[in-house]
Amino acid sequence: VRYNALKGLYDLEKTIGCGGFAKVKLATHLATGEKVAIKIMDKQMLGEDLRRVKLELEALKSFSHENICQLHQIIETETHFFIIMEYCSGGELFDHIVEKNRLTEGESRMFFRQIVSAVAYLHSLGYAHRDLKPENVLLDKSQNLKLIDFGLCAKPQGGIESPLYTSCGSPTYAAPELILGQQYLGQEVDVWAMGVLLYALLAGSLPFDDLNIDNLYRKILNGKYEEPSFISKDSLSLIRSMLQVEPSKRIKVTELLDHHWITLGILEPVQYQARSSSMYDSDCVQIMAKFIDIDEKMMWNELSKWKFDYNTATYFLLSNKKKRGHSLKLNQAP
Ligand SMILES: COc1cccc(Nc2ncc(-c3ccc(C(=O)NCC(=O)Nc4ccccc4)cc3)c(OCC3CCNCC3)n2)c1
């Protein structure tokens with residue numbers, strides 16, 4: 001299917017993900033030749049979730065963090081939203097773990113520190129992720145983690161008991177209070193899911209798993225899981241502090257930042273501040289200014305409005321290209 005809104009800007013390629021209300025396609029940003037992921041959402045199918053999608057887009061615009069998948073551009077038409085996102089060429093963390101069977105404590109620590117950084121950043125902005133799982137943690141070409149919220153199931157309004165929830169993703173990572181449909185704090189639900197993630201990294205399997213959903217619920221509410229002998233005592237005690245059935249007993253994200261397991265061998269607490277906001281890259285601004293024959297100051301004046309238009313996408317993709325040591329050039333529109 002060809003979309004007029006993308007004509008001359010992006011070339012759509014294969015579909016890399018799909019779910020209820022949207023599909024994600026790999027695409028090429030024509031001016032730079034760089035790959036992007038475009039989430040195409042059909043407005044008619046969104047119904048009352050349209051409001052929630054608009055809220056997510058506002059949130060996405062405010063995120064600027066090394067370990068959160070970067071929004072590049074939003075294109076809205078009568079019938080669709082096109083959300084142009086950073087493409088993570090390393091795929092899903094889930095596949096990476098499966099491929100290596102399980103990770104060493106050192107590898108797990110490098111990945112888990114990045115997850116703690118991204119979640120602490122989200123919480124510092126007052127957001128909770130609520131759907132942390134290996135499928136929503138992607139890798140870029142240099143093994144940096146990128147958190148996404150693939151909530152294609154558009155988190156059902158009705159909460160966990162609504163049919164959508166059970167169909168859209170097994171609650172393998174869901175905290176006990178979520179399963180019980182109790183009042184819950186997003187931050188505490190995220191810590192539980194991070195415990196499941198850390199277990200998956202170190203064990204190469206899931207702490208709570210069962211094909212029968214009632215058995216799965218029982219195991220989660222019981223909070224008991226296998227402690228493989230190849231996982232160190234230190235790692236097991238950190239996991240235990242996150243997989244506490246009683247939410248108030250769970251370790252806080254702020255306590256994770258300088259936890260001794262997190263800093264072991266690195267001696268640095270986890271930094272979670274936003275990407276340097278002054279990410280002014282004059283080489284990229286100059287190239288973009290020259291391309292449309294205006295001066296650098298005028299170009300930056302336009303870019304610093306962060307409109308998430310084609311210029312915003314071009315700027316992000318050029319600066320990524322430069323960071324990877326590639327030559328900077330822009331292609332004439334065909
Ligand atoms: C190489 O092989 C592979 C194999 C697989 C993937 C890739 N790469 C690859 N890169 C980028 C994406 C992507 C990024 C963001 C969004 C999004 O919707 N963001 C919105 C968003 O992140 N909100 C948000 C973030 C943080 C907090 C709150 C809200 C959507 C898609 C992708 O998708 C494909 C799916 C497939 C099913 N599992 C999940 C990923 N895939 C590559």
Side-chain angles (χ1 to χ4, degrees), residues 10 12-29 34-42 46 49 51-76 80-99 114-155 168-170 172-173 186-187 189-190 193-194 197 200 253 272 274-275 308 313 316-317 320:
Y10 298 95
L12 286 180
E13 291 156 41
K14 63 179 175 165
T15 297
I16 46 179
C18 56
F21 302 123
K23 64 171 173 265
V24 177
K25 291 178 90 71
L26 177 63
T28 301
H29 174 265
E34 293 287 285
K35 296 293 178 205
V36 292
I38 303 187
K39 180 151 89 172
I40 304 169
M41 306 184 99
D42 178 333
L46 281 175
D49 274 301
R51 197 183 54 74
R52 212 191 54 75
V53 166
K54 286 193 183 241
L55 287 178
E56 176 183 340
L57 287 177
E58 282 317 302
L60 261 181
K61 283 181 186 174
S62 68
F63 297 160
S64 172
H65 186 280
E66 279 304 312
N67 302 116
I68 292 189
C69 194
Q70 182 59 48
L71 170 70
H72 289 341
Q73 183 177 0
I74 300 172
I75 299 177
E76 180 175 358
H80 289 88
F81 275 117
F82 300 92
I83 304 167
I84 291 91
M85 303 289 305
E86 177 179 6
Y87 174 67
C88 307
S89 59
E92 296 176 3
L93 176 63
F94 196 81
D95 298 329
H96 184 75
I97 301 171
V98 166
E99 189 187 300
Q114 295 178 66
I115 293 169
V116 171
S117 180
V119 175
Y121 170 76
L122 275 178
H123 289 185
S124 73
L125 294 181
Y127 292 97
H129 190 283
R130 290 189 187 75
D131 196 16
L132 287 172
K133 55 189 174 187
E135 297 88 329
N136 277 342
V137 180
L138 303 183
L139 294 162
D140 71 5
K141 43 179 61 79
S142 24
Q143 301 268 314
N144 292 313
L145 287 194
K146 303 285 178 180
L147 182 60
I148 68 166
D149 172 11
F150 204 60
L152 285 180
C153 326
K155 288 175 196 56
C168 95
S170 76
T172 313
Y173 312 91
Q187 277 83 332
V189 161
D190 283 349
M194 286 162 80
L197 258 167
V253 173
Y272 64 91
R275 243 196 276 259
F308 290 95
F316 273 124
L317 291 163
N320 284 355

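Indexing begins at 1, ligand by ligand and atom by atom, following the structure's order. Counting begins at 1 with the first residue of the sequence.
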Can you name the atoms of ligand 1, numbered from 1 with element, that are less than 4.0 Å from a heavy atom of [X]?
X	result
Lys39	17 (C), 18 (O)
Cys69	14 (C), 15 (C)
Glu92	36 (C), 37 (C), 38 (N), 39 (C)
Glu135	38 (N), 39 (C)

Where on [X] is there a heavy atom closer than 4.0 Å to ligand 1, on the side chain, on the backbone, on both, or on neither?
X	answer
Leu71	neither
Leu60	side chain
Ala59	neither

Heavy-atom pair with the smallest gap, counting every atom of Ile115 and Leu197:
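Reported closest heavy-atom pair: CD1-CD1, 4.2 Å.
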Which atom of Ala27 lies closest to which atom of Glu13, heavy atoms considered:
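Looks like C-OE2, 3.9 Å.
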Pairs of nitrogen or oxygen atoms closer than 3.5 Å, one from [X] and one from ligand 1: do any exist?
X	value
His129	no
Asp149	yes
Cys88	yes

Does ligand 1 have any atom sitting under 4.0 Å from a heavy atom of Lys146?
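Checking ligand 1 against Lys146, which is what was asked, there is no heavy-atom contact under 4.0 Å.
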At a 4.0 Å cut-off, with the gap strictly under it, does some heavy atom of Tyr127 reach an atom of ligand 1?
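Contact check Tyr127 vs ligand 1: negative.
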Within the 4.5 Å heavy-atom criterion, are [X] and [Y] side-chain neighbours or not?
X	Y	result
His80	Ile40	yes
Thr172	Lys133	no
Ile38	Met85	no

What residues form a salt bridge (Lys or Arg N to Asp or Glu O under 4.0 Å) with Lys54, not counting sequence neighbours?
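Lys54: salt bridge (Lys or Arg N to Asp or Glu O under 4.0 Å) contacts with Glu76.
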Parallel under 30°, tilted from 30 to 60°, perpendicular over 60°: which one fits the rings of Tyr121 and Phe63?
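It falls in the perpendicular class, over 60°.
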Can you name the one residue among His72, Lys146, Gln70 that meets side chain to side chain donor-acceptor pair (under 3.5 Å) with Glu86?
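It is Lys146, the one option of His72, Lys146, Gln70 that forms the side chain to side chain donor-acceptor pair (under 3.5 Å) with Glu86.
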Residue selection (non-hydrogen contact nearest atom 36 (C) of ligand 1) among Ile16, Leu139, Leu26:
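Ranked by closest heavy atom to atom 36 (C) of ligand 1, first place is Ile16.
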Determine, considering heavy atoms only, which of Glu86, Lys14, Met85 sits nearest to atom 11 (C) of ligand 1.
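It is Glu86 that holds the nearest heavy atom.
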Sidechain-backbone polar pair: Asp190 side chain, Arg130 backbone, donor-acceptor under 3.5 Å:
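Judged by distance alone, yes, a pair lies under 3.5 Å.
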